Enquirer: 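Let me begin by handing over the structure; questions about it come next.
Here the structure is a predicted model, which means the values were calculated and not measured.
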Amino acid sequence: MKRRHERGTSSADVPDAERWNHNIQYHPLLSDAVPPGARRVLDVGCGDGQLTRQFATQAEHVVGIDLDEASIGLAIEHTRGSNIEFLRGDVLDHPFEPGSFDAVVSVATLHHMDTASGLRRFTNLVRPGGVVAVIGIGRPHIVEDLPWQIAGTVATRYHRLSKQLWEHTAPIVWPPPNTNRQAKAIAAVELPGAVFRRHVLWRYSLIWTRPRSDR
């Protein structure tokens, strides 16, 4: 089921620096999570490649993967850079080598797949010392998430005073299969020691570093 909360522009011709939405707001958090000197970064659910392009300035080689053919087409069309590669495929079964990335990042994509299977796959793909960094969306719980919903609405209005909402054109899954509490519990099992944080704009972040002794 597709659902858009507010109307905005969705043109792929809008420069990356002029785009804003609830996902883009947290891109810097993922950038900060990528290890210094990273050689290879995987962007899962890359859409039209905005975040992938950003990581190209931080890593030697960046791979963006997405199931949506139209999104990958836009990514290729609007991207210049010899260290960026886009793939149309499913991260769960694409033949990546285990431990072949310094970071696996994902924005608003984990809820498109089984959460446990997705996290398990992400951890398999990062080397020891590598990072899994996720911006996720949990299904709101009417009672316990009410303060977060109110805060998110107020914060969105504040940001819209100075920013134009940009809507991605990729498929939308709604509602997410897991509540925030459930997503946190799954992460605790699949990524022991991961840092799970709720954020005001209806998102959560999940940052996990694979132990260097894990070989």
Enquirer: Applying salt bridge (charged side-chain N to carboxylate O under 4.0 Å, His left out), can you list everything that pairs with Arg39, at least two apart in sequence or on another chain?
Expert: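 Salt bridge (charged side-chain N to carboxylate O under 4.0 Å, His left out) list for Arg39, sorted by chain: Glu60.
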Enquirer: Only counting residues at least two apart or in another chain, list the ones meeting side chain to side chain contact (heavy atoms under 4.5 Å, CB included) with Asn180.
Expert: Asp145, Arg198, Tyr204
Enquirer: Side chain to side chain contact (heavy atoms under 4.5 Å, CB included) with Ala38: which residues, sequence neighbours excluded?
Expert: Val34, Val41, Ala59, Asp102
Enquirer: Is the closest side-chain heavy-atom distance between Arg197 and Lys184 below 4.5 Å?
Expert: no
Enquirer: For His199, enumerate each residue passing the ring pair (Phe, Tyr, Trp, His ring centres under 6.0 Å) test, keeping only those at least two apart in sequence or located in another chain.
Expert: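 Testing His199 for ring pair (Phe, Tyr, Trp, His ring centres under 6.0 Å), a comparison that skips the adjacent residues, returns Tyr26.
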Enquirer: Linking Ile, Leu, Val, Met, Phe, Trp and Tyr by side-chain heavy atoms under 4.5 Å, what else ends up with Trp148?
Expert: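 Listed partners: none, Trp148 stands alone.
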Enquirer: For residues 93-120, which residue pairs pass the ring pair (Phe, Tyr, Trp, His ring centres under 6.0 Å) check, not counting sequence neighbours?
Expert: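 Applying ring pair (Phe, Tyr, Trp, His ring centres under 6.0 Å) to every pair that reaches into residues 93-120, excluding sequence neighbours, yields His94-Phe96, Phe96-Phe101.
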Enquirer: Can you check whether Arg181 reaches His141 side chain to side chain, under 4.5 Å on heavy atoms?
Expert: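 Sidechains of His141 and Arg181: no contact.
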Enquirer: Tell me every residue that passes salt bridge (charged side-chain N to carboxylate O under 4.0 Å, His left out) with Arg53, counting only those two or more places apart in sequence or in another chain.
Expert: Asp16
Enquirer: Quick one: OG1 on Thr57 to CD on Gln54, what's the gap to the nearest 0.5 Å?
Expert: 6.5 Å
Enquirer: Pro176 and Ile137: which non-hydrogen atoms are nearest, and at how many Å?
Expert: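 Distance-wise, the nearest heavy atoms are CB-O, 3.4 Å.
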Enquirer: Roughly how far, to the nearest 0.5 Å, is CD of Glu85 from OG1 of Thr52?
Expert: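 Spacing of OG1 (Thr52) from CD (Glu85) equals 11.0 Å.
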Enquirer: Identify the two heavy atoms, one from Cys46 and one from Phe86, that lie closest to each other, and give their separation to 0.1 Å.
Expert: SG-CD2, 3.9 Å
Enquirer: Where is the tightest heavy-atom contact between Ala183 and Phe196, given as atom of each residue plus distance?
Expert: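 In terms of heavy atoms, the two residues are closest at C-CE1, 4.1 Å.
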Enquirer: Are Leu206 and Leu125 in one and the same hydrophobic cluster, where Ile, Leu, Val, Met, Phe, Trp and Tyr link if side-chain heavy atoms are under 4.5 Å apart?
Expert: yes
Enquirer: Tell me whether Gln58 contacts the main-chain N or O of Ser31 through its side chain, where contact means a donor paired with an acceptor under 3.5 Å.
Expert: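 Such a contact is found between Gln58 side chain and Ser31 backbone.
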Enquirer: Could you go step by step and tell me if Leu165 and Arg160 meet the side-chain contact (heavy atoms from CB on, under 4.5 Å) rule?
Expert: CA-CA 7 Å; Leu165 178 67; Arg160 290 298 305 277; 3.7 Å; yes
Enquirer: Going by salt bridge (charged side-chain N to carboxylate O under 4.0 Å, His left out), name the pairs with one or both residues in residues 68-81, residues two or more places apart or in two chains.
Expert: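 Of all non-adjacent pairs touching residues 68-81, none passes salt bridge (charged side-chain N to carboxylate O under 4.0 Å, His left out).
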Enquirer: For a 4.5 angstrom cut-off between non-hydrogen side-chain atoms, does Glu18 reach Gln164?
Expert: no
Enquirer: What are the two closest non-hydrogen atoms of Gly129 and Pro35, and how far apart are they?
Expert: O-CG, 4.4 Å
Enquirer: Output yes when a side-chain donor or acceptor of Asn21 lies under 3.5 Å from a complementary backbone atom of Trp166, and no otherwise.
Expert: yes
Enquirer: In the single-linkage hydrophobic clustering (I, L, V, M, F, W, Y; side-chain heavy atoms under 4.5 Å), do Leu92 and Phe122 co-cluster?
Expert: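 Shared cluster, yes.
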Enquirer: Do you reckon Val91 sits in the same ILVMFWY cluster as Val126, going by side-chain contacts under 4.5 Å, direct or chained?
Expert: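 Linked, Val91 and Val126 end up in one cluster.
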Enquirer: Let me confirm one number: the CE-OG distance from Met113 to Ser106, rounded to the nearest 0.5 Å.
Expert: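 Here the rounded value is 6.0 Å.
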Enquirer: About how many Å separate CG of Asn124 and CD of Glu97, when rounded to the nearest 0.5 Å?
Expert: 10.0 Å
Enquirer: Output the distance between atom OG1 (Thr79) and atom CD1 (Ile84), rounded to the nearest 0.5 Å.
Expert: 5.5 Å
Enquirer: Taking all non-hydrogen atoms of both residues, which atom of Asn23 and which atom of His27 are closest, and how far apart?
Expert: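 The pair with the smallest heavy-atom distance is O-CD2, 3.4 Å.
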Enquirer: Check whether the side chains of Gln25 and Trp20 place a donor and an acceptor atom closer than 3.5 Å, and report yes or no.
Expert: yes
Enquirer: Quick check for you: to the nearest 0.5 Å, what is the distance between Leu29 atom CG and Ser205 atom OG?
Expert: 5.0 Å
Enquirer: If you link I, L, V, M, F, W and Y whenever their side-chain heavy atoms are under 4.5 Å apart, who else ends up in the same group as Tyr158?
Expert: none
Enquirer: Please name the pair of heavy atoms, one in Val44 and one in Thr109, separated by the smallest distance, quoted to 0.1 Å.
Expert: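 For Val44 versus Thr109, the nearest heavy atoms are O-OG1, 3.4 Å.
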Enquirer: Please determine whether residues Ile72 and Val104 belong to a single hydrophobic cluster, defined as Ile, Leu, Val, Met, Phe, Trp and Tyr linked transitively by side-chain heavy-atom distances below 4.5 Å.
Expert: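 Looking at the clustering, Val104 is in a separate group from Ile72.
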Enquirer: Going hydrophobic residue to hydrophobic residue with side-chain gaps under 4.5 angstrom, can you get from Ile135 over to Leu119?
Expert: no
Enquirer: Just to verify, what does Ala133 make a side chain to side chain contact (heavy atoms under 4.5 Å, CB included) with, not counting sequence neighbours?
Expert: Leu30, Ala33, Val105, Val131, Ile207
Enquirer: Apart from Leu67 itself, what residues make up its hydrophobic cluster when side-chain heavy atoms of I, L, V, M, F, W and Y under 4.5 Å apart count as a link, directly or indirectly?
Expert: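 The other cluster members (ILVMFWY side chains, heavy atoms under 4.5 Å, direct or chained): none.
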Enquirer: For Gln182, which residues count as a side chain to side chain contact (heavy atoms under 4.5 Å, CB included) partner, sequence neighbours excluded?
Expert: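 So Gln182 forms a side chain to side chain contact (heavy atoms under 4.5 Å, CB included) with Arg139, Asn178, Thr179.
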